[in-house]
Enquirer: 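Here it is: the structure, laid out below.
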There are 2 protein chains.
Amino acid sequence: MPVRSSTTGEPEDTPVPQRLLAVATRLFAERGYDRTSVQEIVEAAGVTKGALYHYFGSKDDLLHEVYARMLRLQQQRLDAVADSDAPVEERLRAAAADVVVTTIENLDDAMIFFRSMHQLSPEKYKQVRAERRRYHERFRALVEEGQRTGVFSTATPADLVVDYHFGSVHHLSTWYRTDGPLTPQQVADHLADLLLRALRP
Amino acid sequence: MPVRSSTTGEPEDTPVPQRLLAVATRLFAERGYDRTSVQEIVEAAGVTKGALYHYFGSKDDLLHEVYARMLRLQQQRLDAVADSDAPVEERLRAAAADVVVTTIENLDDAMIFFRSMHQLSPEKYKQVRAERRRYHERFRALVEEGQRTGVFSTATPADLVVDYHFGSVHHLSTWYRTDGPLTPQQVADHLADLLLRALRP
DNA sequence: GGCGGCAGACTAACCAGTCGGTATGTCGGG
DNA sequence: CCCGACATACCGACTGGTTAGTCTGCCGCC
């Protein structure tokens, strides 16, 4: 007979490392990184510290894993969209909407990302910032392309435009509720629309 | 001869409570609330724990004071702008730019606000959220007024528009550098302009 | 001679990470 | 076909260090 090893709803047949990561993600998002003890994580995952330190080098590593997963996902999605051969305004619209949808679909990760990034160890922090910058630059290139070819207004520097949009993405984890009136896609369409409207010449 | 009671640059003739608050604000912004110990705060302020707990009930109180100060300031500035009798698009532009300028001028407070709000005790957290919502609603009323009178597009719900703009304000503490190329006023003008352009019918 | 303003030692509760130990599995040789 | 050697996966008590908050008492001013 299967043993209920955990008080939470995590399925106990998923491999231990994934289970630890999933539980840690949830707890970090709920209580914050610093206020979540390693003991709480292992209890919620139905294992002990020995198991956690068998698979992860440190608590910090756990946090870093969350970031790596999310960065990988978003970068590859942006690359796919930006590499298409649609007109630049359609590529920007798709990219702007896509980052909103994936952020909402991983709201816990996003929350952790923006609230706990500075609690990573200095080297890991630098690494995450660097990958984040690559993402930012790819996005900015789309805006600049549109400005060069005259389909977007040049009234605002491209950097500022990108920060403007990412600000709203960042903010999603603060106000978006899964049980609210708008679906992720609707929110994404609206936010992408606001961006494109602001860029009209 | 005056005693250098502190290793930091805090003037030692300002009253102890204000000095503690100033030091705590700086440290919270630098290291985060959880990673700043009460011991560090009192040492940087050149006093001891006895002094801190004489003026403040808890570490949490210190954090709450930072919020109260900032919320008071922004609410009264918004009220002043919104109550003027200029056309609604001018009032919204002024409000949108003003919140950017005051946020940049108090970047430490803003950083703490968005990163550490959820570390307040539940009651204080609720109180801060309630005041924040009042601010949000006053701002939204401006957007709705413009939409009703036909000077703003109704393509996007007013709530979303406000969240879009506040997202970028929120984000400022992540990317804005005092030694960067843009003055606070220039950033504010650009961001307000993006908002107004997005709202063109 | 009392009182606000503060000092600083103290406590009780944690917490991240370690380490010796155990159970289960795998593989090569005799 | 079995046995020992080694590896992987995990357990849980323990350690050294840190923390918020308390408390007793001193000191100078009214």
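Each chain gets a letter, A, B and so on, in the order the sequences are listed, and its residues count up from 1.
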Enquirer: Provide, to the nearest angstrom, the distance between the CD1 atom belonging to B/I41 and the P atom belonging to C/dA7.
Expert: 15 Å
Enquirer: Are there any protein N/O atoms within less than 3.5 Å of an N/O atom in nucleotides 25-30 of chain D, and if so, which ones and at what distance?
Expert:
none

Enquirer: So do the side chains of B/E137 and B/E144 get within less than 4.5 Å of each other, counting heavy atoms only?
Expert: no
Enquirer: When the distance from NE2 of A/H54 to P of C/dG17 is rounded to whole Å, what number comes out?
Expert: 17 Å
Enquirer: Classify the ring geometry of A/Y164 against B/Y164: parallel below 30°, tilted from 30° to 60°, perpendicular beyond 60°.
Expert: perpendicular
Enquirer: For A/Y67, which of A/Y125, A/F113, A/F28, A/Y33 qualifies under ring pair (Phe, Tyr, Trp, His ring centres under 6.0 Å)?
Expert: A/F113
Enquirer: Among the nucleotides D/dT8, C/dA7, D/dC11, which one has an atom lying closest to any side-chain atom of A/T48?
Expert: D/dC11
Enquirer: Shorter than 3.5 Å, N or O on both sides, protein versus nucleotides 16-24 of chain D: list them out with atom names.
Expert:
from	atom 1	to	atom 2	distance (Å)
D/dA20	OP1	B/K59	NZ	2.8
D/dA20	OP2	B/V38	N	2.9
D/dA20	N7	B/K49	NZ	3.0
D/dG21	OP2	B/Y53	OH	3.0
D/dG21	OP2	B/K59	N	3.0
D/dG21	N7	B/K49	NZ	2.7
D/dG21	O6	B/K49	NZ	2.7

Enquirer: Does A/R91 come within less than 4.0 Å of A/D83, counting only side-chain N to carboxylate O?
Expert: no
Enquirer: Taking atom types as modelled, find out whether A/T102 and A/R77 have a side-chain donor-acceptor pair closer than 3.5 angstrom.
Expert: no
Enquirer: Do B/L78 and B/V99 touch side chain to side chain, with heavy atoms closer than 4.5 Å?
Expert: no
Enquirer: In whole angstrom, give the distance that lies between atom CG of A/L52 and atom C1' of C/dC19.
Expert: 16 Å
Enquirer: Rounding to an integer number of Å, can you tell me how far B/F56 CZ sits from C/dG5 C1'?
Expert: 14 Å
Enquirer: Do the side chains of B/H171 and B/Y176 get nearer than 4.5 Å, heavy atoms only?
Expert: no
Enquirer: Decide salt bridge (charged side-chain N to carboxylate O under 4.0 Å, His left out) for B/R140 and B/D159; before the verdict, give the C-alpha distance in whole Å, the side-chain angles of both, and the deciding distance to 0.1 Å.
Expert: CA-CA 6 Å; B/R140 189 187 59 191; B/D159 257 327; 3.3 Å; yes
